[in-house]
Amino acid sequence: MTLQNVLQVQSLTSGYRNRVVLQGISLDVCNDNHIAIIGANGCGKSTLLRTIMNLVPSTTGEISFRETQIERMPTDQIVRIGIGYLKQTENVFRQLSVRDNLSIASGAKALAGERAEFVLDCFPVVRNRLKVRAGLLSGGQRQSLALAMVLMRPVSLLLLDEPIAGLSPSAASELMHSLESLKSRFSFASVIVEHRLRRIEPLVNRLIVMRNGEIIDDTTDTQLMLDASWLDERYRHVPT
Amino acid sequence: MINSISPLDADNSGILVFKDLHKRFGDIAVLKGVSGKLVPGQISAFVGPNGAGKTTLFQLLTGELKPDRGSATLNGQNILGSSPYRLAGRGIGKLFQDVRAFPNLSILDNVIVAIVARQSYRDKPFDFGLVRNGRSQVLAKKAREYLSRVGFDANEEALAKNLSWGNQKLLALARLLAGEFRCVFLDEPIAGISTLMANRMVPLIRELAEAGVAVALIEHEITFVESLANDVIVMNEGVVIDSGSASEVLSHAETREICLGL
Amino acid sequence: MNLLLQLLANGIVNGAMFALLAIGFGLVYRSLRVFHVAYGACFVLSAFVYYLLVTCGGWPWWLAGLGSIATSAAIGTLMEAGFYWPFYRRRISSEAVLVASLGLAIMLENVMALLFGNEVAAIPRGLSQSVTLGPVRLTMIQIAQFAICTSVASAVFLLLRLPSFKIVLGMGENTELVQTLGHSLPRYRMLVLGLASGIAAVPACLVMTDVGMDVHAGMSYLLIAAVAVLAGGVARAPGWLLGAYLVAVLQSVVIWKFSAKWTGLVAFALLLAILLFRREGLVGLHKRKEEG
Amino acid sequence: MSLIEPSKELPPQAVRHSAQSPDDPVPAWMLWGLLLLLIVLLYAWRPTYVSHLLVMFGIYLLLSTSLNLVTGFGGLMSFSHAAFYGIGAYAYAVARLQAGPSGDQAESIIWAAGWPFVPAILFAMAVGALFGWLVSLVTLRFRGDYFVFATLGIQMIIFSVLYNWVELVRGPYGLYGIPRPDLFGWSLRDSWQYLLMLVPVVTTVVGALWIVYRSEFGLKLKAMREDERAAMSTGIATNRMAGLAMTIAAGVAALAGASYASYVTYIDPTSFSLSESIFLVALLMLGGAGNLTGPVVGTLIMVALPEAMRFVGLPDAVAANVREIIYGGLLAGLMFWRPQGIAGERFVGT
């Protein structure tokens with residue numbers, strides 16, 4: 001596998017009506033990168049992912065994905081050219097069955113094909129509940145379904161916004177396990193925003209720390225994620 | 001490891017006592033028998049992962065939801081099944097997780113609303129007294145006092161929606177002070193605000209407790225809990241798994257695992 | 001008793017037409033979250049297009065019907081692209097969109113009044129043949145109305161089972177997720193409005209053939225559709241059908257017991273009663289509270 | 001030290017702009033312009049014509065300012081205001097009409113009292129308020145689109161009763177010969193005389209409403225409009241507040257109805273139909289809600305618009321439709337560009 005840049009972000013700023021959240025972010029993602037973005041609440045981690053997906057419009061800066069400018073591209077097109085995005089909440093259609101959810105995700109086609117089969121094999125909880133309405137799934141099952149849905153299309157970059165928040169330890173490790181096997185099969189780069197660092201540590205090879213809309217650390221030493229004092233320094237925002 | 005999994009003794013010494021609360025949504029049990037009490041002058045922190053049932057518990061105790069089973073009393077009188085405004089009239093206040101300042105009212109009006117809502121529920125349910133003229137100067141003065149207590153000192157005519165997130169939280173806190181509640185529920189008071197603002201928030205909450213108010217808060221930020229709370233109640237999957245003084249509970253490895261992911 | 005049976009039969013025929021009307025309205029309300037007031041005006045417009053094609057153009061009825069459906073679908077699509085989509089882009093609240101749609105309906109209605117006048121337009125025809133089934137007597141037109149509307153409704157229900165229509169249902173729940181799964185929101189919104197308007201054209205042409213219509217009828221047809229959808233339950237399409245038949249049959253019963261003039265009152269009283277006791281309508285999803 | 005966060009999040013201009021008093025968001029030139037327009041109208045036409053316009057303006061001002069209480073303050077978009085207007089008109093009519101000598105009309109209806117003017121007006125207001133309260137009991141169980149539709153249903157039901165229950169108020173035939181006001185033996189014949197009586201009434205009632213707007217009650221209604229959950233948690237009994245607002249609003253609308261009935265002396269249900277309710281909401285939307293200027297501006301424009309159209313000189317057959325087209329277009333356009341209306345504080349719904 002040759003190394004190349006998948007995503008390039010250059011001095012990106014964005015925000016909401018009366019609030020600037022990202023204050024100039026520059027970031028290159030390589031196709032073997034598995035990045036964890038950490039930082040205190042409200043530092044702009046989720047907004048960074050949402051801006052890349054053009055769910056939050058960027059004010060200045062450029063985003064390019066494999067040589068294509070995407071900062072003004074509609075979200076659905078960004079997805080179709082190969083960026084998968086797992087929303088933090090409300091990431092399945094609760095009123096529809098699991099099967100309908102998956103078929104929407106695979107581009108309104110019936111569930112077949114090698115890729116779909118493999119993804120479903122990775123999530124047996126989903127495969128066994130195709131007829132259940134998604135709203136009746138438990139939190140862990142729902143999150144598995146959401147991840148399966150994102151992976152129904154070919155992706156070369158996967159953005160995950162707090163995939164295991166609110167899951168029990170066992171559900172979380174199960175989900176992470178599935179993600180690992182998918183990663184080795186489909187070889188995509190990934191960016192993951194998550195608080196429970198110990199759970200995701202085995203999956204990442206690069207660590208980015210954000211604070212107040214800026215990147216303050218970018219390192220490949222992922223062991224730092226488990227270093228309490230190092231984290232304290234960057235992370236805790238109420239030193240009273 | 002946890003050495004004592006015991007719910008707080010639910011005797012009547014607290015101002016707000018709740019016993020054995022159950023709540024399910026459809027086929028998911030969110031609360032499976034939660035008991036505890038809130039004591040005047042004490043800050044009780046509810047910690048635990050998302051989905052542990054903390055917000056649901058708060059909604060039960062502030063009247064926004066009705067429990068399936070269990071009891072809750074304020075000074076010995078039942079509070080379950082009352083609507084939120086009645087409970088507010090009886091001294092239970094709430095800071096919402098998503099703040100909920102009144103966006104198109106001025107900062108001053110936001111606080112005045114809280115003052116008149118409290119007064120008139122007790123004395124006269126319908127009041128046509130002017131807010132801005134004459135006697136209203138008294139109201140405005142009072143409102144300014146509350147605003148200056150939380151640190152607002154300018155722009156009182158600005159609309160709340162134009163404030164930053166942190167300032168909206170401060171405004172909501174001022175509104176809470178203006179309600180002069182005996183028991184307040186704070187749902188993630190410092191989530192999403194800057195360090196500077198959070199540092200301002202802490203002494204205000206402490207002051208509230210020192211004034212004899214029973215404070216309950218939900219918080220994920222453990223440093224914040226350590227610095228503020230007298231009692232910590234750890235919840236997971238709808239039950240209380242640990243409780244006690246802050247330093248004691250937070251030293252338990254499992255609590256750290258559940259709450260911090262560390 | 002025979003009269004009751006006769007009126008019930010009429011009610012069922014009307015129910016089949018109301019059902020199509022309700023399906024169109026329900027699709028838009030369910031998947032776009034738009035209270036499509038201009039839907040009534042669209043309905044009237046397609047009836048008049050049919051009228052023009054038959055009387056002035058001299059087209060055969062089936063071709064004129066197809067022409068009317070196509071025109072109506074095109075106008076619906078245009079309405080979405082030129083009217084509702086800009087509102088959606090600016091995230092304008094649903095109540096404001098309701099009022100704007102009301103404004104659009106008023107404009108359309110009066111433009112049509114300028115073009116077609118205020119009188120009832122009807123397609124000249126001889127006395128229709130009728131068929132007697134025991135105590136019930138139905139005209140051929142009524143039978144055609146029932147047959148056409150029921151088959152179109154069945155076709156729509158089959159369509160709704162297609163995977164791409166699952167997206168349409170999903171859209172009503174979570175527009176952002178539709179986009180992050182790689183589907184173009186504007187395209188599906190246009191599809192819904194085009195389809196809904198096309199569906200509405202079918203009963204419009206049939207009503208025009210049978211009893212005629214004036215340009216101001218839009219609001220009353222809209223209200224029938226809205227009552228059917230809200231009373232039957234917004235969440236699921238079978239509810240819309242149930243609501244439509246309920247309204248139509250109830251109207252017949254009211255005509256039998258009291259008089260035709262009380263039908264409107266009864267429809268709204270029914271709606272209020274149903275909503276008071278069952279907010280989600282007769283056919284609702286079994287929801288968890290948190291699903292909201 | 002101030003706790004206001006650094007101004008990067010809130011540019012100073014924005015602060016100044018929003019600090020503008022919420023009671024006074026209309027540019028001054030606009031008010032002056034409208035006043036000027038009024039003066040021009042006064043000079044251009046015969047006094048009776050102008051006083052007729054002013055009477056209609058007064059009646060619609062009552063309607064818009066009362067609807068504003070529910071819709072602009074409570075945030076509840078109500079489409080049943082014309083029904084209360086009609087109830088007031090009919091209550092006044094039957095209270096004043098005399099059975100017997102006035103002909104066959106009064107004998108064919110269930111009840112006609114033949115009361116003097118003042119008790120009849122008070123009766124109309126009381127009936128209107130009672131209906132407002134009853135309607136609030138049903139409709140306040142809904143919010144949002146459902147509230148809109150529930151009030152619309154109430155409007156249709158009340159209209160249907162007025163239109164179809166011939167024994168009650170003669171249905172579509174309407175009531176004619178409704179006595180004009182007589183105060184202290186002075187009967188008002190001309191519209192300018194009527195205007196003389198109406199001006200103090202409207203001023204008093206609108207003034208009272210203005211006080212209600214600025215009272216604690218008004219502020220609580222606004223809080224409910226802004227965020228009902230938060231309002232309840234501060235201790236506001238929101239349903240009770242909204243019920244009271246609907247009662248007051250219906251009472252005032254009934255007063256407007258009674259004024260209308262006593263002014264035109266003939267009423268039939270078509271004046272109180274759904275389209276009239278829509279017109280009232282549109283009028284409030286156009287002017288803007290949540291303050292006093294909004295409804296005043298809206299009423300001025302809506303009353304003046306047909307006259308301006310006449311001035312343009314369109315043939316009568318076309319003018320009505322063109323007017324409707326303009327007003328539909330205004331509604332749609334305003335919702336897009338300026339949902340809060342010309343002079344309003346905020347969009348009228350929630």
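In this pair, F87(C) and F336(D) present their aromatic rings perpendicular. The plane angle is above 60°, beyond the 30 to 60° band.
The minimum heavy-atom distance between L265(C) and I157(D), with the atom names listed, is CD1-O, 3.8 Å. Here the closest non-hydrogen pair linking A332(D) and A100(C) is CB-O, 3.7 Å. M335(D) and I92(C) make their closest contact through O-CD1, 3.6 Å (heavy atoms, listed as atom of the first residue, atom of the second, distance). The shortest non-hydrogen separation linking I106(C) to E324(D) is CG2-O, 3.4 Å.
With a threshold of 4.5 angstrom between heavy atoms, Y327(D) approaches chain C through side-chain atoms but not through N, CA, C or O. When heavy atoms are compared at a cutoff of 4.5 Å, V266(C) does not approach chain D at all. In this structure, the portion of L98(C) lying under 4.5 Å from any heavy atom of chain D is its side chain and not its backbone. Only the side chain of L274(D) comes within less than 4.5 Å of a heavy atom in chain C; its backbone stays farther off. For A226(C), the parts sitting under 4.5 Å from any heavy atom of chain D are the backbone and the side chain alike. The contact between V234(C) and chain D is made entirely by side chain atoms (from C-beta outward), counting heavy-atom distances below 4.5 Å. Contact annotation for F79(D): only side-chain heavy atoms (C-beta onward) come within less than 4.5 Å of a heavy atom of chain C. Proximity to chain C is absent for every atom of F159(D), based on heavy atoms less than 4.5 angstrom apart.
Considering only residues two or more places apart in sequence or on other chains, D268(D) meets the side chain to side chain donor-acceptor pair (under 3.5 Å) condition with T270(D).
By number of non-hydrogen pairs under 4.5 angstrom with chain D, the leading residue of L230(C), L271(C), L104(C) is L230(C). Interface summary for chain C: among G153(D), A320(D), A282(D), the most heavy-atom pairs under 4.5 angstrom belong to G153(D).
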For side-chain contact (heavy atoms from CB on, under 4.5 Å), just list the numbers for L334(D) and V99(C), CA-CA rounded to whole Å, side-chain angles, deciding distance to a tenth of an Å, and then say yes or no.
-> CA-CA 10 Å; L334(D) 273 175; V99(C) 175; over 6 Å; no
Carefully, step by step, assess F35(C) and V148(D) under the rule side-chain contact (heavy atoms from CB on, under 4.5 Å).
-> CA-CA 11 Å; F35(C) 202 102; V148(D) 170; over 6 Å; no
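Residues L102(C) and V281(D) form no side-chain contact, since every pair of their non-hydrogen atoms from C-beta on lies 4.5 Å or further apart. Residues F142(D) and L276(C) meet the side-chain proximity criterion, which asks for heavy atoms closer than 4.5 Å. Counting heavy atoms from C-beta outward, F149(D) and L272(C) have side chains that stay 4.5 Å or more apart.
If you take CE on M285(D) and CD on E95(C), they are separated by 7.5 Å, rounding to the nearest 0.5 Å. Atom CG of L115(C) sits about 10.0 Å away from atom CG of N321(D), to the nearest 0.5 Å.
Within a 6.0 Å radius of CH2 in W262(C), more than 12 heavy atoms belonging to other residues, nucleotides or ligands are found. Heavy atoms of other residues, nucleotides or ligands lying less than 6.0 angstrom from CH2 of W133(D) number 12 at most. Atom OH of Y163(D) sits in a sparse spot, with 12 or fewer heavy atoms from other residues, nucleotides or ligands closer than 6.0 Å.
The backbone N or O of K261(C) lies less than 3.5 Å from a partner atom in the side chain of N164(D), making a donor-acceptor pair.
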